[in-house]
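First up is the structure itself, then whatever we jot down about it.
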Amino acid sequence: MGVDRTVRITARAGAVLVTAVGSLDAALAAESFAGFWPAGPIQHHNVAGLAILIGLTVFATILSLLHIRERARWTRREGDLNAELSALRGAHDRAEMLLNAERQVIVTWSGRGDASVEGDTTIAVDGDRLTAGDPRRVLAFGTWLNPSDAGALDVAVEALRERGAGFRLSLRTPKGRFIEAQGQAHAGRAVLRLREATEERRELNALRHTLDEAKRGLAALAALLDAIPQPVWQRDNAGALAWVNAAYVAAVEAGTRAAAVAGGVELLDRQARDTIARGGAGRSALRLSAVVAGGRRMLDVTEVPVENGRVGIAVDVSELESVRADLQRQMDANVRTLDQLPTAVAMFDASQALIFHNAAYRQLWGLDQAFLETRPREGEILDHLRSLRKLPEQADFRSWKAEVLAAYRAVEANETWWYLPDGRSLRVVADPNPQGGLTYLFDDVSESVKLESRYNALMRVQAETLDTLKEPVAVFGADGRLTFANRAFAGVWRLDAAMLVERPRIDAVIEACRRLSPDEEPWIDIREAVTGLESRSGMTCRLKVVDGTVLDCAAQPLPEGATLLTLIDVTASVNVERALTDKNDALERASQLRDTFVHHVSYELRSPLTNIIGFTQLLGDETVGALNERQREYSDHIMRSSGALLVMINDILDLASIDAGSLELTREVVDVRTTVEAAVRGLEDRLAESAVGLDLDVPDDIGSFVADGKRVRQILFNLLSNAIGFSGSGQTVRVAARRSAAELRLTVSDDGRGMPADVAARVFDRFESHTLGTRHRGVGLGLSIVRSFVELHGGRVALESAPGEGTRVTCTFPLDAEAAQAAAE
């Protein structure tokens with residue numbers, strides 16, 4: 001850079017000099033040498049050459065001066081640079097000396113480039129040495145540091161390289177060496193310094209590590225104290241609060257721990273704290289009353305001195321006090337209960353002294369209350385009772401007394417019987433107490449003995465009673481053996497008396513009885529009822545004896561696993577039942593034969609009837625010749641009669657199909673108003689002929705529903721035909737349709753004669769035809785068809801009629817197709 005600048009200065013100076021010399025030469029040549037040379041071209045040429053020579057001489061002189069000056073400057077510059085280089089080499093030597101003065105490594109990163117490692121890389125090994133040319137192994141922190149420290153160092157180095165965040169860490173190797181790591185950003189580079197701690201630093205790090213462990217232990221202890229529900233506090237030497245746990249904060253409702261400590265919020269009142277300060281609460285707890293979270297509680301407070309103050313804990317014993325009070329009340333209640341028991345109770349402690357007795361004990365032995373309150377020993381009580389002749393008579397009383405007192409050394413309860421001189425019988429139970437001593441229960445069983453005697457007598461009476469019954473009766477025990485069988489049972493099955501005395505098992509009894517009733521199935525049920533363990537329930541079956549006798553057998557469970565077996569002779573009832581069954585079967589066969597006959601006859605009548613109707617239509621159309629008035633009238637009469645007969649035959653076939661279950665509905669969307677009008681159109685001639693009016697009450701918005709349209713029209717047709725037939729001239733037949741959310745109701749009513757209740761009850765039966773004084777005739781199938789078709793739709797039919805008030809028939813159809821199908825099924 002200095003050379004370039006010198007060249008530029010020299011060039012500029014030369015140019016100025018040339019310019020100046022040129023001007024001067026021109027002036028001097030004109031003035032000084034004008035007289036030496038004659039005027040003309042030759043003189044001018046010489047002047048120019050002389051000027052150039054002088055200019056070059058001056059230029060060379062100036063250039064030499066400049067060169068000497070710049071050379072002196074460059075010599076001084078070179079000396080300065082050499083001195084600076086020497087200083088840098090000395091600084092480098094001193095830096096290396098300082099770097100190698102202790103065991104450390106310097107790692108630098110420039111941007112995202114590779115790391116530069118300098119220093120003693122053996123810091124990264126324990127025991128072995130790094131090979132030459134392998135300095136980057138020190139960056140594999142996980143291979144020579146503890147895993148937790150290596151992870152922390154990796155995170156810190158990453159933050160240093162990414163964000164320039166400095167750090168200082170104390171690390172440990174697996175063999176216990178301490179390594180100090182310091183990272184910082186300098187001059188755009190990330191610098192990591194790893195050095196092994198000195199002895200003082202190792203001790204400092206060990207102390208710091210110990211301090212950290214102690215802090216963690218204190219933090220864990222504080223967390224544990226915060227987790228317990230009892231308030232815990234610490235006081236300094238002046239008695240002020242220094243630390244409290246979360247339960248203490250909640251107890252005094254201070255909000256935070258800092259607020260409780262700073263405000264000195266106390267859990268205990270002044271009097272309680274003074275008592276504790278005087279040594280009232282040392283290692284033993286002092287029970288005090290305090291307000292905890294707004295409620296008065298009982299606390300067991302323990303506060304002990306420590307090196308820098310006192311620590312205390314308060315345990316809530318309110319529930320314990322409540323339980324203790326409840327226990328005392330329970331014990332008092334138990335004492336009162338025992339005092340009301342009819343069983344005499346006496347409790348003796350380990351020294352055989354009486355500690356409790358109830359009123360029944362005093363009454364049993366007739367002892368004085370004052371004597372018992374002196375807490376006498378059991379031996380003294382026994383001696384006193386013997387003197388009163390209230391104990392069982394013993395030949396050797398001393399041995400008997402020693403045997404009674406030996407119960408204090410027993411492990412289990414001992415039960416004995418005392419028979420007193422006054423005729424009473426006592427059941428005596430001596431039960432050892434866990435704390436020592438005995439509890440005596442004296443139960444007067446005199447009445448029980450009497451009751452047992454009466455019970456045995458009653459059982460004998462019952463046995464005699466059962467033995468005299470005419471019905472066979474047997475009782476089997478829980479083990480399946482025959483415990484009782486009366487004479488009727490033995491007589492029916494012809495059992496040997498010697499066999500009954502041996503109490504045979506149920507299998508032997510069944511084997512003996514099967515000789516007279518060989519059917520195996522009922523005996524299996526009887527055996528299961530007697531020996532079954534899983535289910536204990538009653539059972540009935542029927543037994544057929546070879547002589548024609550029929551017996552109804554009933555097995556009934558009894559207490560304690562016994563089973564009662566009773567037999568009843570139902571031969572007469574069975575014979576009557578058989579006769580009724582045979583008669584019913586005959587009636588059913590007759591009904592089936594009738595239906596079969598009607599079915600076949602109906603099919604056989606359809607073919608000739610179809611021919612009659614066809615030929616009559618040909619005659620009526622006069623396609624084979626003209627008819628006179630009488631012939632035409634006869635032809636019309638034949639058509640009407642044939643149509644009525646065809647309707648009758650179709651009704652019979654529909655009923656036969658319904659009975660056979662082969663009639664299926666063709667469901668479709670049926671418009672209610674259109675269907676009603678179609679049914680009415682088929683009866684317009686009869687309405688006009690009978691002079692009967694028709695009133696249709698079908699709303700325009702009645703809508704539609706899912707049904708078999710043909711069968712619905714047939715239902716309406718039959719109802720209208722019936723209503724017209726029983727209506728007189730001038731009367732009116734009404735058809736009404738109403739719809740609700742769940743069903744559709746079609747009603748046909750008339751103002752005719754009506755019918756009595758007995759006729760109305762049978763009007764829907766087949767072949768029930770009642771003229772009721774009218775000209776209406778029929779075979780009694782119309783209303784039966786109506787009910788069958790409505791029920792096939794899942795609906796129902798209702799009839800309301802009374803003499804003189806007309807008849808009203810209502811057919812109700814469900815609108816829900818699934819519900820209708822379910823109802824029909």
Side-chain angles (χ1 to χ4, degrees), residues 92 94-227 234 243 306-308:
H92 180 266
R94 288 192 299 272
E96 285 187 349
M97 180 181 66
L98 293 175
L99 180 62
N100 296 324
E102 55 181 327
R103 197 178 182 188
Q104 62 180 343
V105 174
I106 304 297
V107 184
T108 58
W109 289 273
S110 179
R112 288 294 179 180
D114 294 335
S116 175
V117 181
E118 297 179 0
D120 186 2
T121 56
T122 61
I123 195 175
V125 295
D126 284 335
D128 57 346
R129 311 295 294 178
L130 286 176
T131 59
D134 192 18
R136 295 183 182 275
R137 182 179 175 185
V138 73
L139 298 178
F141 305 124
T143 62
W144 59 282
L145 291 176
N146 288 335
S148 59
D149 293 342
L153 184 57
D154 285 332
V155 173
V157 169
E158 185 67 22
L160 174 64
R161 297 186 63 188
E162 291 289 338
R163 303 186 301 275
F167 63 88
R168 184 183 295 272
L169 298 174
S170 179
L171 312 173
R172 296 189 67 178
T173 66
K175 292 191 176 181
R177 293 189 299 119
F178 285 93
I179 305 296
E180 291 183 353
Q182 181 180 359
Q184 61 182 2
H186 181 71
R189 296 184 179 185
V191 181
L192 171 63
R193 181 182 182 185
L194 300 171
R195 65 176 178 176
E196 188 171 6
T198 61
E199 186 64 28
E200 292 78 6
R201 288 186 174 273
R202 279 196 291 270
E203 292 179 1
L204 180 61
N205 289 332
L207 292 175
R208 185 181 293 114
H209 182 73
T210 303
L211 179 60
D212 292 338
E213 290 292 336
K215 287 182 178 179
R216 286 192 289 270
L218 289 176
L221 179 59
L224 177 61
L225 292 177
D226 276 337
Q234 179 184 1
W243 182 88
V306 293
E307 182 177 357
N308 57 346

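Put simply, the side chain of I106 does not reach to within 4.5 Å of the side chain of L192, judged on heavy atoms. Using a 4.5 Å cut-off on side-chain heavy atoms (C-beta onward), F167 and V155 make no contact.
Note that CZ of F141 is 14.5 Å distant from CG of N146, once rounded to the nearest 0.5 Å. Summarising the geometry, atom CZ belonging to R193 is positioned 9.0 Å from atom CD belonging to Q184; distances are rounded to the nearest 0.5 Å. In this structure, CZ in R177 is found 11.0 Å from CG in L171, a value given to the nearest 0.5 Å. Between E158 atom CD and L153 atom CG the span is 11.5 Å, to the nearest 0.5 Å.
Heavy atoms only, all atoms of each residue included: R172 and D149 are closest at N-OD2, 3.0 Å. Across every non-hydrogen atom of V191 and H186, the tightest pair is CG2-CB, 4.4 Å. Closest of all the heavy-atom pairs between A185 and L160 is N-CD1, 3.9 Å.
Between the side chain of W144 and the backbone N or O of V138, at least one donor-acceptor pair lies under 3.5 Å.
The neighbour count for R189 CZ, taken as heavy atoms of other residues, nucleotides or ligands under 6.0 Å away, does not exceed 12. For R216, the CZ atom counts as densely surrounded, since its 6.0 Å shell holds more than 12 non-hydrogen atoms of other residues, nucleotides or ligands.
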